[in-house]
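Report on one structure; see the data block that follows.
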Amino acid sequence: MGGIVANNTYRAQFIYENLMIQNNIIHQAYVHGVKKLLFLGSSCIYPKMAPQPLKEEYLLTSDLEYTNEPYAIAKIAGIKMCESYNLQYGTNFISVMPTNLYGPNDNYDLEKSHVLPALIRKMHLGKCLRNNDWKSLRSDLNKLPIEGVTGADAEDQILEKLAKYGIKKEVNGEVSVTLWGTGSPYREFLYVEDLAEACVYCLQNIDFVNLITDIRNPKSEIKNTHINIGTGKDLTIKELAEKVKEIVNFDGQIIWDSSKPDGTPRKLLDVSKINGLGWKEKVNLEEGIKRVYQNFKMYQKIKNKQAKISVIGLGYVGLPIALEFAKQAKVVGFDIKPDRVELMKKNIDPSKELDSKDFEGCDILFTANVDDLEQAQFHIVAVPTPIDEHNQPDLGPVLAASRTVGKILKKGDYVVFESTVYPGCTEEDCVPVLEELSGLKMGLDFKVGFSPERINPGDKEHTLTTITKVVSGNDAEALHNIAHVYEMVIKAGVHRAPSIKVAEAAKIIENTQRDVNIALMNELSLIFSRMGINTYDVLEAAGTKWNFLKFFPGLVGGHCIGVDPYYLLYKAKELGYHAKMIDSGRFVNDSMGGYVAKQVVKKIIKQDKNPREARVLIMGVTFKEDVSDIRNSKVVDILRELESFSVGVDAIDPHASIEEVQHEYGYKMVEHPCGIYDAIILAVQHVEYKNLSEDYFKSLLSSSGLFVDLKGIYRCKIKELNYWSL
Ligand SMILES: NC(=O)c1ccc[n+]([C@@H]2O[C@H](COP(=O)([O-])OP(=O)(O)OC[C@H]3O[C@@H](n4cnc5c(N)ncnc54)[C@H](O)[C@@H]3O)[C@@H](O)[C@H]2O)c1
């Protein structure tokens with residue numbers, strides 16, 4: 001569908017194409033047993049002179065508006081088709097009639113666009129002309145030429161084309177925008193995301209039977225079962241133009257060309273039916289236009305490479321998001337560690353998660369120079385949020401990064417935090433730093449958001465782009481823009497959280513939930529070990545129940561699951577609540593390394609061996625399988641505890657660097673097992689360790705040697721060895 005000109009000009013196309021599409025789809029939906037179908041019509045189905053507001057029952061009561069008659073007739077046919085199929089074939093097809101829609105990705109082609117996008121673009125072009133801002137003007141025309149005129153054309157040609165569409169520079173330098181008609185007709189507008197919600201609402205909650213008014217009377221005529229979707233509020237085109245003028249900040253003149261037609265004097269939907277069925281719109285017109293215009297600016301700017309994204313902190317989280325954006329936008333990747341930056345410049349990921357081919361085709365500047373951040377308008381912070389030696393949040397890096405961004409922050413910029421923090425941290429701790437260093441005010445001068453990362457190191461299936469990303473913003477406009485920017489790269493889509501705090505809390509509980517559940521499994525394993533039964537056997541049996549959750553005992557290391565709950569504990573305590581359950585989970589999980597070591601020592605003693613003379617081989621030291629990351633590895637707790645009993649320990653790991661382990665923990669791993677051991681602890685289930693034979697372990701163990709299989713992966717395969725698992 002289109003505006004007045006398009007409706008009137010392409011009459012044949014409108015009726016033919018709409019009928020063909022809907023006939024095919026509605027009939028095939030019936031043929032293939034589609035359970036529910038939603039047919040979208042338009043408010044132009046109602047007679048031109050019908051009373052206002054337009055009730056569903058006014059359909060077919062008098063003449064239609066001439067300009068859009070062919071289109072309206074096609075739409076009415078669609079409604080009648082749905083109704084007739086429902087009545088004859090018992091289908092459940094529902095028709096909804098939205099009012100005028102507007103929203104992101106609207107049609108801004110002045111030849112075919114609707115009133116609102118046309119107003120926005122005209123005023124925007126008028127503003128550029130008024131400000132002599134030829135750069136923005138040309139870039140607008142490059143994005144969407146007007147009748148073939150692009151930003152590359154000569155000034156005269158551009159001015160001529162703009163004048164044809166009513167955008168004129170007068171001799172005195174003033175700019176006027178001429179609009180069609182008198183501006184007196186009333187119109188109602190609905191934000192497109194509200195319509196999307198209404199459609200889902202209808203599909204989920206409304207059946208055809210709910211729409212039959214006189215269901216008890218079998219003789220009554222069943223008609224007008226369609227549903228109006230709108231706001232029920234309207235304004236004149238003149239008022240609308242003034243609103244757009246203010247939001248776009250165009251300070252020229254608006255001229256009304258009354259020689260042009262006005263269209264229907266008023267088109268307001270009566271929305272009592274949909275309201276009565278439980279749905280109401282959320283976005284008011286002013287906010288919606290702001291979103292659209294901002295979107296028109298920020299999102300489009302990033303997409304058109306006029307604005308850059310910066311990523312601060314290029315680790316496990318920062319580098320993948322920076323590279324993903326750099327496939328579509330211009331990116332500045334900043335890290336404080338120059339040696340890491342040098343590696344990335346050579347297409348090497350210092351975290352060893354990405355291949356050199358992941359860097360190919362990326363438009364990214366890797367830098368350790370803060371000044372380079374000034375080029376960017378959309379900043380993403382992905383620095384670490386560790387805990388200190390007392391398990392308290394260490395906000396050092398995230399506050400340092402806030403200072404860095406604060407120094408280069410400009411009006412109109414966006415800052416999105418991805419680092420995992422406690423609820424409230426972004427607004428209470430980071431924003432004040434941004435405001436102090438920039439001298440700007442959040443909300444007024446710049447926007448802030450929080451979008452937690454969910455990547456799972458070593459996991460090739462759940463990757464950045466295939467996991468739904470939670471996004472949030474300090475206000476509706478921020479949320480809208482941040483969501484759109486992330487939607488550029490996140491194939492799985494984004495979830496818009498209602499506030500920054502909600503998004504922060506969501507992230508922290510994802511990991512807290514895992515931590516607490518694993519703690520329960522660990523506790524069960526402590527109990528079952530005393531009972532002489534294998535925890536994995538018990539879990540396998542219990543797991544046959546449909547709602548038994550699949551968690552397993554194990555060491556909880558790394559920098560997420562074992563760290564994030566401490567952030568929540570800290571905040572809860574600050575608010576006067578001691579979160580005992582979360583705390584207990586942390587205690588149990590943090591004790592597991594020591595527990596495993598003590599069990600091994602006990603079992604060695606039971607074999608009449610002196611622990612001081614015993615030798616133990618630990619297989620795997622990274623914090624989880626198939627990654628090279630050794631930070632906060634709980635295997636080191638086993639190692640230290642064994643050494644405290646003077647047990648000789650050799651550790652091997654095909655993924656960990658011997659130098660890094662020595663640097664981080666002061667322990668020197670060996671390259672290969674060497675000699676005979678009294679116990680082997682298979683601590684990390686790296687792929688290299690998954691399919692070894694019992695003979696392999698036997699060849700490394702003394703005659704009564706112990707095989708400890710922490711994750712229980714050899715449970716049914718070990719027949720002869722002295723075996724123990726959690
Ligand atoms: N790794 C994960 O699996 C994962 C998953 C979800 C969320 N997170 C969260 O994401 C955040 C980042 O974690 P990560 O694993 O990517 O950390 P990381 O240690 O791998 O990387 C952080 C990077 O930031 C740099 N850095 C530190 N301080 C800086 C500063 N002031 N300015 C610029 N750069 C700085 C470091 O040099 C490093 O390159 C943390 O809050 C973490 O909890 C991590």
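Order of listing sets the numbers, starting from 1, for every ligand and every atom in it. Note that the structure is a prediction, hence the values are computed from the model and not measured.
Short contacts between ligand 1 and A400, defined as distances under 4.0 Å to a heavy atom of the residue, involve ligand atoms 31 (N). Close approach of ligand 1 to K507 (heavy-atom distance below 4.0 Å) involves ligand atoms 6 (C), 7 (C). Below 4.0 Å from some heavy atom of I312 lie the following atoms of ligand 1, by number and element: 32 (N), 33 (C). Remark: ligand 1 atoms within the under-4.0 Å shell around heavy atoms of T385 are 40 (C), 41 (O), 43 (O). Near G313, the atoms of ligand 1 lying under 4.0 angstrom from a non-hydrogen atom of the residue are 23 (C), 24 (O), 25 (C), 33 (C), 34 (N). Near F334, with a cut-off below 4.0 Å to any heavy atom, the atoms of ligand 1 are 32 (N), 33 (C).
Smallest separation of non-hydrogen atoms from P452 and K507: CB-CB, 3.4 Å. Nearest heavy atom pair, residue Y536 against residue N534, reads N-OD1, 2.7 Å. Here the closest non-hydrogen pair linking N511 and D564 is ND2-OD2, 2.5 Å.
Under a 4.0 Å N-O distance rule, the pair K357/E360 does not qualify as a salt bridge.
Atom 27 (C) of ligand 1 has its closest protein heavy atom at P384 CD, 3.5 Å. Given atom 8 (N) of ligand 1, the protein heavy atom at minimum distance is V317 CG2, 3.5 Å. Summary of contacts: the protein heavy atom closest to atom 21 (O) of ligand 1 is G315 CA, 3.1 Å. From the protein, the heavy atom lying nearest to atom 26 (N) of ligand 1 is I336 CG1, 3.7 Å. Considering only non-hydrogen protein atoms, atom 43 (O) of ligand 1 sits nearest to T420 OG1, 3.3 Å.
Side-chain contact of H655 with E688: a donor-acceptor pair under 3.5 Å is present, judged by distance alone. A donor-acceptor pair shorter than 3.5 Å cannot be found between the side chains of S725 and D709. Checked by atom type, the side-chain pair H495/T468 shows no donor-acceptor distance below 3.5 Å.
In summary, the aromatic rings of Y414 and F446 are positioned with their centroids too far apart to meet the 6.0 Å limit. Proximity of the aromatic rings of Y714 and F697 is defined here by a centroid distance below 6.0 angstrom, and this criterion is met. If you look at F417 and F450, their ring centroids are not closer than 6.0 Å.
Residue contacts with ligand 1: D564 is placed with no nitrogen or oxygen under 3.5 Å of a nitrogen or oxygen of the ligand (distance criterion only). Taking distance alone, with nitrogen or oxygen atoms compared against 3.5 Å, E418 stays at or beyond that limit from ligand 1. The shortest N or O to N or O distance between Y316 and ligand 1 is under 3.5 Å.
Relative to the six-membered ring of Y486, K469 meets both conditions, a distance below 6.0 Å and an angle of at most 45° to the axis.
With I455, D335, V383 as candidates, the residue nearest to atom 30 (C) of ligand 1 on a non-hydrogen basis is V383. Across E453, E510, R403, heavy-atom proximity to atom 6 (C) of ligand 1 is greatest for E453.
By the criterion of a heavy-atom distance under 4.0 Å, the backbone of A382, and not its side chain, is placed next to ligand 1. For V421, no heavy-atom contact with ligand 1 is shorter than 4.0 Å. Residue contacts with ligand 1 for C560 involve side-chain atoms from C-beta outward but no N, CA, C or O (heavy atoms, distance under 4.0 Å). Under 4.0 Å from ligand 1, the heavy atoms of R631 that appear belong solely to its side chain.
The side-chain heavy atoms of V448 and T426, taken from C-beta on, include a pair separated by under 4.5 Å.
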